[in-house]
Peer 1: 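One structure is given below, represented as structure tokens, and several questions about it will come after.
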Amino acid sequence: MSDGFDRAPGAGRGRSRGLGRGGGGPEGGGFPNGAGPAERPRHPPPPQPKAPGFLQPPPLRQPRTAPPPGAQCEVPAGPQRPPRPGALPEQARPLRAPPISQDTVPQQNSESAMAKPQVVVAPVLMSKLSVNAPEFYPSGYSSNYAESYEDGCEDYPTLSEYVQDFLNHLTEQPGSFETEIEQFAETLNGWVTTDDALQELVELIYQQATSIPNFSYMGARLCNYLSHHLTISPQSGNFRQLLLKRCRTEYEVKDQAAKGDEVTRKRFHAFVLFLGELYLNLEIKGTNGQVTRADILQVGLRELLNALFSNPMDDNLICAVKLLKLTGSVLEDAWKEKGKTDMEEIIQRIENVVLDANCSRDVKQMLLKLVELRSSNWGRVHATSTYREATPENDPNYFMNEPTFYTSDGVPFTAADPDYQEKYQELLEREDFFPDYEENGTDLSGAGDPYLDDIDDEMDPEIEEAYEKFCLESERKRKQ
């Protein structure tokens, strides 16, 4: 019983029973058989099996006296032993005093040693981390796409993989065209150095533009940029020439494609719309620096329209409508400059299809809307003449910005009406009867306004006589 009262409550918990219950008194000093710290065995005895149903006994507390200066304690530097059952972790265990050399460290008196026992500093393991280590990316992580093209095509084993990756990126993010097209062209100039590589590049772009409907416009822009910035020009032809040759291959089977099955017609329609985008975006610089469009594409589009209208199926007619909405205004202007009436012939053919063809009602409505669009100059609004020259006779939009008024009966009228002056005068007279009210009846005079009160109470005789004369004259004009 006395052993249990010699230690502080709750002090030094977690030790096994093999160390004894001396509790750090003068007799035991916390070591078995009264041995000092220098005589402590390197390997403790194996833990005794615990009796079932009993709690682990509390550990010994720290000794009250420090070990003598001559007796030092060494901590073995061997591998760490697994923790014993029921023991506290290393951070919670009381640490032993480190070895002290009397030659280098001055000897402390017993009082300070008793008050401040020395602790062991845990050894620090050497880390293998380095500030010069490469940046770590988890598996499946892809960095910013713009960074992947800064180093060119070093990470791509083949040209097709590099080009296809860039085309897919433009399909998903078309807004990055302006910022990344220059780097892409520079990379291609260092890679595309043979006829086969250039032919492969043309085929990849053509397939992407005709297989993905939303990429036809972006593909046409890409073709225009590369036609001016690719430096390779082999004997087989430059980029633009090879592209037109590839389009001609599909153009030569237009009649068979327009009559083919659904899959063939769908691929043919994608080619037609891509050719329309090429006609609008592919620029050809002349010898004097003038930029023009490819006339060969203009002729090709005319023949493609003939092939579509010659086979008036719904999908063929829908493709023709899309093509004319896309290029109709530009084609008509080009034909007018050459004195041709090709657009008139196309419109006449559309009207014949509406009357004779067995197409659906919705498609016929689309064709009629297209004819209406062409009659309004393809929706283009030309700038009107200047304000000095504009008159109601020569400008149909002369009264466009004029306000709309309403008579007492609720009939609207504008400045374009013949009796505008009389109706407007009547409106002014009607408003004079209620000078202090808005249209919704809100009183604008306010309560207690001295200025308005004076006006309502009294009027100058001369002003009153002039006002009565004005009212009589207005009444006489209204009855005439």
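Positions are given from 1, in the same order as the sequence printed here. All figures in this text were calculated on a predicted structure; none of them were measured in a lab.
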Peer 1: Kindly compute the distance separating SG (C223) from CG (L230), expressed to the nearest 0.5 Å.
Peer 2: 10.0 Å
Peer 1: Going by atom types alone, do Q348 and E344 pair a side-chain donor with an acceptor below 3.5 Å?
Peer 2: no
Peer 1: For F274 and G219, work out which heavy atoms get closest and say how close.
Peer 2: CE1-C, 4.1 Å
Peer 1: Can you measure from CG (L324) to CG (L373) and round to the nearest 0.5 angstrom?
Peer 2: 9.5 Å
Peer 1: Please test I346 against L331 for side chain to side chain contact (heavy atoms under 4.5 Å, CB included), starting from the C-alpha separation and ending with a verdict.
Peer 2: CA-CA 11 Å; I346 292 175; L331 287 174; over 6 Å; no
Peer 1: Side chains of T210 and R267: closer than 4.5 Å at any heavy-atom pair?
Peer 2: no
Peer 1: Less than 4.0 Å between a side-chain N and a carboxylate O, is that true for K336 and E332?
Peer 2: yes
Peer 1: ring-ring contact (aromatic ring centres under 6.0 Å, His included) with Y217: which residues, sequence neighbours excluded?
Peer 2: none
Peer 1: Does V330 offer a backbone N or O that forms a donor-acceptor pair with the side chain of T327 under 3.5 Å?
Peer 2: no
Peer 1: Please determine whether the number of non-hydrogen atoms from other residues, nucleotides or ligands lying under 6.0 Å from atom CG of N358 exceeds 12.
Peer 2: no
Peer 1: Should R246 and T249 count as side-chain neighbours, where that means a heavy-atom distance under 4.5 Å?
Peer 2: yes
Peer 1: Pair K254, F271 - check side chain to side chain contact (heavy atoms under 4.5 Å, CB included), show working.
Peer 2: CA-CA 10 Å; K254 58 183 181 300; F271 161 71; over 6 Å; no
Peer 1: Can you tell me if CZ on R476 sees more than 12 non-hydrogen neighbours from other groups inside 6.0 Å?
Peer 2: yes
Peer 1: CG/D314 to CZ/R361 distance, rounded to the nearest 0.5 angstrom?
Peer 2: 14.0 Å
Peer 1: Are there over 12 heavy-atom neighbours, none belonging to Q256, within less than 6.0 Å of that residue's CD?
Peer 2: yes
Peer 1: Rounded to the nearest 0.5 Å, what separation is found between the NZ atom of K266 and the OG1 atom of T264?
Peer 2: 12.0 Å
Peer 1: Answer yes or no: does atom NZ of K364 have more than 12 heavy-atom neighbours from other residues, nucleotides or ligands under 6.0 Å?
Peer 2: yes
Peer 1: For the residue pair N316 and H269, what are the closest heavy atoms and their distance?
Peer 2: OD1-NE2, 2.6 Å
Peer 1: Taking everything shown except E252 itself, do over 12 heavy atoms lie less than 6.0 Å from its CD?
Peer 2: yes
Peer 1: Would you say that L222 contacts L167 through its side chain, given a criterion of any heavy-atom pair below 4.5 Å between the two side chains?
Peer 2: yes
Peer 1: When you compare the side chains of N168 and T171, does any donor N or O come within less than 3.5 Å of an acceptor on the partner?
Peer 2: no
Peer 1: Does this structure show an ion pair linking K340 with E345, if we count only N-O contacts that are shorter than 4.0 Å?
Peer 2: no
Peer 1: Can you tell me how far the CE atom of M313 sits from the CD atom of E262, to the nearest 0.5 Å?
Peer 2: 10.5 Å
Peer 1: Other residues, nucleotides and ligands only: do more than 12 of their heavy atoms fall within 6.0 Å of CG on L368?
Peer 2: yes
Peer 1: Grab the two heavy atoms, one from N238 and one from L198, that are nearest each other, plus how far apart they are.
Peer 2: C-CD2, 4.1 Å
Peer 1: Go through it in stages, so that I can follow the logic: the residues are F184 and T187, the test is side chain to side chain contact (heavy atoms under 4.5 Å, CB included), and I'd like the CA-CA distance, side-chain angles, deciding distance and then a yes or no.
Peer 2: CA-CA 5 Å; F184 178 69; T187 304; 5.6 Å; no
Peer 1: Walk me through it: do V371 and V354 pass the test side chain to side chain contact (heavy atoms under 4.5 Å, CB included)?
Peer 2: CA-CA 11 Å; V371 175; V354 173; over 6 Å; no
Peer 1: Is the number of heavy atoms from other residues, nucleotides or ligands under 6.0 Å of Q207 CD greater than 12?
Peer 2: yes
Peer 1: Could you check if a side-chain atom of L278 sits within less than 4.5 angstrom of a side-chain atom of L297, using non-hydrogen atoms only?
Peer 2: yes
Peer 1: How close do R265 and A258 get, heavy atom to heavy atom, and via which atoms?
Peer 2: CD-O, 3.5 Å
Peer 1: Name the orientation class of the two ring planes belonging to W191 and Y162 (parallel below 30°, tilted from 30 to 60°, perpendicular beyond 60°).
Peer 2: parallel
Peer 1: Sequence neighbours left out, what passes ring-ring contact (aromatic ring centres under 6.0 Å, His included) with H228? Give chain and number order.
Peer 2: none
Peer 1: If you define the side chain from C-beta out and look only at heavy atoms, does anything of F215 sit under 4.5 Å from P174?
Peer 2: no
Peer 1: Side-chain contact, heavy-atom cut-off 4.5 Å: I284 with V291?
Peer 2: no
Peer 1: Less than 4.5 Å apart, any side-chain heavy atom of C247 and any of Y206?
Peer 2: yes
Peer 1: How far apart are the closest heavy atoms of T193 and I232, and which atoms are they?
Peer 2: C-CD1, 3.5 Å
Peer 1: Between K477 and E473, does at least one N-O distance fall below 4.0 Å, as a salt bridge requires?
Peer 2: yes
Peer 1: Can you tell if the side chain of L188 reaches within under 4.5 Å of the side chain of F166, non-hydrogen atoms only?
Peer 2: no
Peer 1: Determine the minimum heavy-atom distance between E182 and Y225, stating which atoms define it.
Peer 2: CA-OH, 3.6 Å
